[in-house]
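These numbers come from a predicted model, not from an experiment.
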Amino acid sequence: QVQLVESGGGLVQAGGSLRLSCAASGRTISNRAMGWFRQAPGKERELVTSIAWSGTSTYYADSVKGRFTISRDNTKNTVYLQMNSLKPEDTAVYYCAVARFGLVSSSPRVYDYWGQGTQVTVSS
């Protein structure tokens, strides 16, 4: 079992920045890909970004390319999401998740552990 705890969400003005953290416990995640998803009210959960176990390969949704950066520190069992130039449409609950495999994946079906989510609200 893996437990994930997200932190760093909050309220920010458009154009601002936030840094989310996701700390894993229970077992190591160093050999697994990680992902950040988000879900806005009335919308389906979508993948924002994913990072391979080594940190050398990443995937970003088009909507966040150039603004968001995912990183990981396997010594701390932690994944980060740096969000810059935030827009009101980035408002959502953000979830981190652990994949069953080590490679980057955009499919929610390969992620089998999920955090409880952290709210990000961007005001205009």
According to a 4.5 Å side-chain heavy-atom criterion applied to Ile, Leu, Val, Met, Phe, Trp and Tyr, with indirect links allowed, do [X] and [Y] form part of one hydrophobic cluster?
{"X": "Val64", "Y": "Val12", "answer": "yes"}
{"X": "Tyr113", "Y": "Tyr80", "answer": "no"}
{"X": "Leu47", "Y": "Val110", "answer": "yes"}
{"X": "Trp36", "Y": "Trp53", "answer": "no"}

Between the side chains of Ser105 and Ser107, does any donor sit under 3.5 Å from an acceptor?
no
Side-chain donor-acceptor pair under 3.5 Å between Thr69 and Tyr60, yes or no?
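No.
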Heavy-atom distance under 4.5 Å between the side chains of [X] and [Y], does that happen here?
{"X": "Ser21", "Y": "Glu6", "value": "no"}
{"X": "Val79", "Y": "Ile70", "value": "yes"}
{"X": "Arg27", "Y": "Gln1", "value": "no"}
{"X": "Val120", "Y": "Met83", "value": "yes"}
{"X": "Arg38", "Y": "Tyr94", "value": "yes"}
{"X": "Phe68", "Y": "Leu20", "value": "no"}
{"X": "Arg32", "Y": "Phe101", "value": "no"}

With sequence neighbours excluded, what pairs up with Ala24 under the side chain to side chain contact (heavy atoms under 4.5 Å, CB included) test?
Val2, Leu4, Ile29, Asn77
For Leu11, check side chain to side chain contact (heavy atoms under 4.5 Å, CB included) against everything at least two apart and list the hits.
Thr121, Ser123
To the nearest 0.5 angstrom, please state how far the [atom1] atom of [X] sits from the [atom2] atom of [Y].
{"X": "Ser57", "Y": "Ile51", "atom1": "OG", "atom2": "CD1", "result": "8.5 Å"}
{"X": "Gln82", "Y": "Arg67", "atom1": "CD", "atom2": "CZ", "result": "12.0 Å"}
{"X": "Asp112", "Y": "Arg100", "atom1": "CG", "atom2": "CZ", "result": "5.5 Å"}
{"X": "Ser54", "Y": "Arg72", "atom1": "OG", "atom2": "CZ", "result": "8.0 Å"}

Contacts of Thr28 that satisfy side chain to side chain donor-acceptor pair (under 3.5 Å) - sequence neighbours left out:
Ser30
Closest non-hydrogen atom pair, [X] against [Y]:
{"X": "Gly35", "Y": "Tyr111", "value": "N-CE2, 3.6 Å"}
{"X": "Ala92", "Y": "Ala40", "value": "CB-N, 3.8 Å"}
{"X": "Ser124", "Y": "Pro88", "value": "CB-CG, 3.8 Å"}

Run Thr49 and Leu81 through side chain to side chain contact (heavy atoms under 4.5 Å, CB included) and show every step you take.
CA-CA 9 Å; Thr49 178; Leu81 179 62; 3.7 Å; yes
Please confirm whether Trp114 and Phe37 have ring centers closer than 6.0 angstrom.
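Centroid distance Trp114-Phe37: below 6.0 Å, so yes.
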Asp90/Lys87 under salt bridge (Lys or Arg N to Asp or Glu O under 4.0 Å): CA gap, chis, key distance, verdict
CA-CA 5 Å; Asp90 293 320; Lys87 305 175 181 180; over 6 Å; no
Ring-face cation of Arg45 near Tyr95 (centre distance under 6.0 Å, axis angle within 45°)
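Yes, Arg45 and Tyr95 form such a contact.
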Using modelled atom types only, decide if a donor and an acceptor are shared between the side chain of Thr91 and the backbone of Val122 within a distance under 3.5 Å.
yes
Assess the residue pair Ser17 and Asn84 against the criterion (side-chain hydrogen bond (donor to acceptor under 3.5 Å, both in side chains)); give the C-alpha distance rounded to whole Å, side-chain angles, the decisive distance to 0.1 Å, and a yes or no.
CA-CA 4 Å; Ser17 298; Asn84 299 328; 2.9 Å; yes
